[in-house]
Protein chains: 2
Amino acid sequence: MSADLHRAAAGVLAAHDQQYTRNRRALVTALAGAGAPLTLPELLERDASLAQSSAYRNLAVLIDADVVRRLVHGGDHARYELAEGLTEHHHHLICETCGTVADVTLPARLESSLDRAFDDVARTSGFAPSHHAIDVYGTCADCLG
Amino acid sequence: MSADLHRAAAGVLAAHDQQYTRNRRALVTALAGAGAPLTLPELLERDASLAQSSAYRNLAVLIDADVVRRLVHGGDHARYELAEGLTEHHHHLICETCGTVADVTLPARLESSLDRAFDDVARTSGFAPSHHAIDVYGTCADCLG
DNA sequence: TTGCTTGCAAATGATTTGCACTGCT
DNA sequence: AGCAGTGCAAATCATTTGCAAGCAA
């Protein structure tokens, strides 16, 4: 239910001394409805009432408060999605032909193996891991046609 | 030994009807010497004889020929590294404090598990994976000080 | 009122491109 | 001569920012 989502988002923002305004709510709603990371133009298409500069500014606030996460994959536009506190841990399938990005979740067992491997890295090299991202590049079903 | 590296790079470029010029060789040398992905300013520092626009143009050629790979991680500058044909398969440790990127290799067993998981995804969703990238975010030893 | 938010228009800055020149073949 | 490669300067374009007006406490 999206009421929970908005309550959570409002709470996180409040903890950062930020308000949950109409425009910020609109961004969160659009991102939640998409189910995949969106570019800024895509976000504006889904809520034409938003000015571009305000969208960028509000995304910056949401990112700072850990409500939204920004992804960059080489295309012209960055992509935005809800942060992990508000969604499930997942990774990305990136189509090298059309540039769209889809979410995937990996088996929990595999995620544990990865985390264990990263902890080993920490012990060996002194690098302290906080989180990870896996990008799988390839061709999506639509482009395979 | 770097003679092999240059021979390989020259061969790949030739296969793409491209020459292995002095500047392209300088870029490959700089990237091989770094052992970690470099930004364009970092590349120019290492070989001041290079004009910025030429560096960008040659990197584009090298990327097109699969000699170099371009990485984007949200910082101001993209980073460049030798493509996997010329180096080992590896992943990246990204310091969220200073932005530097270091290479890591994961246990072969784990890589196999990952590939198997991605093949499952292919079977399920119709997405055909070609390769993957794992980014581990955290804090590097220097910044932990 | 006081301060945050908004949207327009202008600025910024990484990357790309036009063009004239140099150098290899 | 002919074509690829070079570098300067100018253009491009996603993103950021200045500023004046709107809105909520």
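Keep in mind that what you see is a predicted model, and the values were worked out from it rather than measured. Residue numbering restarts at 1 for every chain, and letters A, B, ... go by the order of the sequence lines.
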Note to self: Can you measure A:Leu50 atom CG to C:dC8 atom C1' for me and round it to whole angstrom units?
What the structure shows: 14 Å

Item checked: Partner residues of B:Arg79 under the salt bridge (Lys or Arg N to Asp or Glu O under 4.0 Å) criterion, sequence neighbours left out -> B:Glu42

Next item on the list: Specify the separation, in whole Å, of atom CG of A:Asp17 and atom C1' of C:dT5.
Entry: 16 Å

Notebook entry, point to check: Under a single-linkage rule joining Ile, Leu, Val, Met, Phe, Trp and Tyr whose side-chain heavy atoms are separated by less than 4.5 Å, which residues share a cluster with A:Ile134?
Noted result: A:Leu93, A:Val104, A:Leu106, A:Leu110, A:Leu114, A:Phe118, A:Val121, A:Phe127, A:Val136, B:Leu93, B:Val104, B:Leu106, B:Leu110, B:Leu114, B:Phe118, B:Val121, B:Phe127, B:Ile134, B:Val136

Item checked: Modelled atom types, side-chain donor and acceptor of A:Glu96 and A:His73, under 3.5 Å -> no

Margin query: Please find the pair of heavy atoms, one from A:Leu27 and one from A:Ala55, that lie closest to each other, and give the distance.
Written below: CD1-O, 4.1 Å

Item checked: Residues that, via side-chain heavy atoms closer than 4.5 angstrom, fall in one hydrophobic cluster with B:Val72 -> A:Val72

Notebook entry, point to check: Looking at side-chain heavy atoms only, is the closest gap between A:Glu84 and A:His131 below 4.5 Å?
Noted result: no

Checklist line | Connected-component partners of A:Leu144 among ILVMFWY, side-chain separation under 4.5 Å | finding: none

Notebook entry, point to check: Taking CG from B:Asp64 and C1' from C:dT16, how many angstroms apart are they, rounded to a whole number?
Noted result: 15 Å

Notebook entry, point to check: Does any residue of residues 20-28 of chain A have a heavy atom under 4.0 Å from DNA chain C, and if so, which ones, in number order?
Noted result: A:Thr21, A:Asn23, A:Arg24

Next item on the list: For the residue pair A:Tyr80 and A:Leu38, establish whether any side-chain heavy-atom pair is separated by less than 4.5 Å.
Entry: no

Item checked: Atom pair distance, as rounded to whole Å: CD in B:Gln19 and C1' in C:dT25 -> 9 Å

Notebook entry, point to check: Is B:Ser49 touching bases, backbone alone, or none of the nucleic acid, heavy atoms closer than 4.0 Å?
Noted result: sugar-phosphate

Item checked: Footprint string (nucleotides 8-23 of chain D, 5' to 3'): B base within contact, S backbone only, - free, heavy atoms under 4.0 Å -> BB----SBBBBB----

